[in-house]
Amino acid sequence: MHVLYVTTTFPPENGWGGIGTYVYHIAQGMIAQGHRVTVLCGLGKQSSDRQDGPLRVVRRIVTEGRSGGDIRNQIAQLTSQLTRESEIAVVEFPEFAALGLEFQRQFPDYPSVVRFHGGTALCAWAAASPFKRLARRVYPSRAVQELDKLEQESMSRAHLVTSCSRAAVERYKLD
């Protein structure tokens with residue numbers, strides 16, 4: 001099977017820690033099981049495309065200076081191009097910032113997985129001071145609410161939603 005993972009970060013150039021490290025390790029695990037993996041990711045220093053046996057790393061996502069909608073459109077275009085060029089069986093997107101949403105809207109029948117890890121609302125809340133946490137619980141910002149809706153839509157369009165924790169699944173009622 002050939003899997004495409006989409007991520008803004010990927011080690012070693014721009015991604016140890018967080019979702020980049022997850023994608024790195026899951027890609028290695030899939031390759032160890034005999035699968036092919038393509039990773040579409042952020043640039044690092046410059047765009048590149050390298051093939052290392054069954055692993056292809058395509059660094060073309062530009063995030064600096066772009067709005068979320070521009071990034072999602074760029075990812076849809078690049079993902080569409082890669083799925084046309086290769087025999088990719090499934091695409092996995094992170095839910096954070098709804099990176100795969102435009103592709104999912106354009107190609108609703110293309111098998112997609114969304115990896116859920118917490119969402120923008122939870123991350124904004126966790127990064128805040130105790131006072132701001134309370135305020136955000138009562139009065140969440142409009143931007144966070146809008147992005148959270150997009151993330152929820154991306155998860156609802158996915159053929160499968162995975163999560164790293166049972167608590168996240170229960171919190172967002174993903175079962």
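Since this is a predicted model, take the numbers as computed values, not measurements.
Under the 4.5 Å side-chain heavy-atom criterion for grouping Ile, Leu, Val, Met, Phe, Trp and Tyr, Ile75 is connected to Leu4 within one hydrophobic cluster. Linking Ile, Leu, Val, Met, Phe, Trp and Tyr residues whenever their side-chain heavy atoms come within less than 4.5 Å leaves Val161 and Val6 in two separate clusters. Linking ILVMFWY residues whenever their side-chain heavy atoms come closer than 4.5 Å, directly or via other members, leaves Leu150 and Phe93 in distinct clusters. At a threshold of 4.5 Å between side-chain heavy atoms, the hydrophobic network of Ile, Leu, Val, Met, Phe, Trp and Tyr places Val57 and Ile88 in two separate groups. Cluster annotation: Val91 is not connected to Val39 through the hydrophobic network of ILVMFWY side chains, with a link wherever side-chain heavy atoms come within less than 4.5 Å.
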Using distance only, find each side-chain donor-acceptor pair of residues 23-37 under 3.5 Å and give its atom names and separation, not counting sequence neighbours.
unit_1: His35; atom_1: ND1; unit_2: Met1; atom_2: N; d: 3.3
unit_1: Arg36; atom_1: NH2; unit_2: His2; atom_2: ND1; d: 3.1

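Remark: Ser154 pairs with Gln104 by the side-chain hydrogen bond (donor to acceptor under 3.5 Å, both in side chains) rule, at least two apart or across chains. In this view, Arg105 and Glu102, Glu153 satisfy the salt bridge (charged side-chain N to carboxylate O under 4.0 Å, His left out) rule, not counting sequence neighbours. Gln74 pairs by the side-chain hydrogen bond (donor to acceptor under 3.5 Å, both in side chains) definition with nothing, not counting sequence neighbours. Residues passing the side-chain hydrogen bond (donor to acceptor under 3.5 Å, both in side chains) test with Ser80, sequence neighbours excluded: Arg84. Residues forming a side-chain hydrogen bond (donor to acceptor under 3.5 Å, both in side chains) with Gln81 (at least two apart in sequence, or on another chain): Glu85.
The nearest pair of heavy atoms linking Ala158 to Ser112 is CA-OG, 3.5 Å. Here the closest heavy-atom approach between residue His159 and residue Tyr110 is recorded as CE1-O, 3.0 Å.
Note that CG of Leu78 and SG of Cys41 are 10.5 Å apart. Values are rounded to the nearest 0.5 Å. Here CG of Leu101 is found 12.0 Å from CD of Glu95. Values are rounded to the nearest 0.5 Å. Here the CG atom belonging to Leu43 is positioned 12.5 Å from the OG1 atom belonging to Thr9, to the nearest 0.5 angstrom. In this structure, the separation between OG1 on Thr79 and CZ on Phe107 is 9.5 Å, given to the nearest 0.5 Å. Put simply, CG on Leu40 and CG on Leu82 are 5.5 Å apart, with the number rounded to the nearest 0.5 Å.
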- request: List the steps, then state whether side chain to side chain contact (heavy atoms under 4.5 Å, CB included) holds for Arg59 with Phe10.
  value: CA-CA 9 Å; Arg59 290 190 178 278; Phe10 188 74; 3.8 Å; yes
- request: May I have the step-by-step check of side chain to side chain contact (heavy atoms under 4.5 Å, CB included) for Gln152 and Met155, ending in yes or no?
  value: CA-CA 5 Å; Gln152 293 290 330; Met155 287 188 288; 3.7 Å; yes
- prompt: Taking it one step at a time, do Ile19 and Phe96 satisfy side chain to side chain contact (heavy atoms under 4.5 Å, CB included)?
  reply: CA-CA 10 Å; Ile19 196 72; Phe96 195 75; over 6 Å; no
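A donor-acceptor contact shorter than 3.5 Å is absent between the side chain of Arg60 and the backbone of Asp49. Distance alone, capped at 3.5 Å, places no donor-acceptor pair between the Arg72 side chain and the Leu99 backbone. At distances below 3.5 Å, not a single donor-acceptor pair connects side-chain atoms of Glu92 with backbone N or O atoms of Val114.
Proximity of Arg56 to Ser86: side-chain heavy atoms (C-beta onward) are separated by under 4.5 Å at one or more points.
Counting non-hydrogen atoms of neighbouring residues, nucleotides and ligands closer than 6.0 angstrom, the CD atom of Gln51 exceeds 12 such neighbours.
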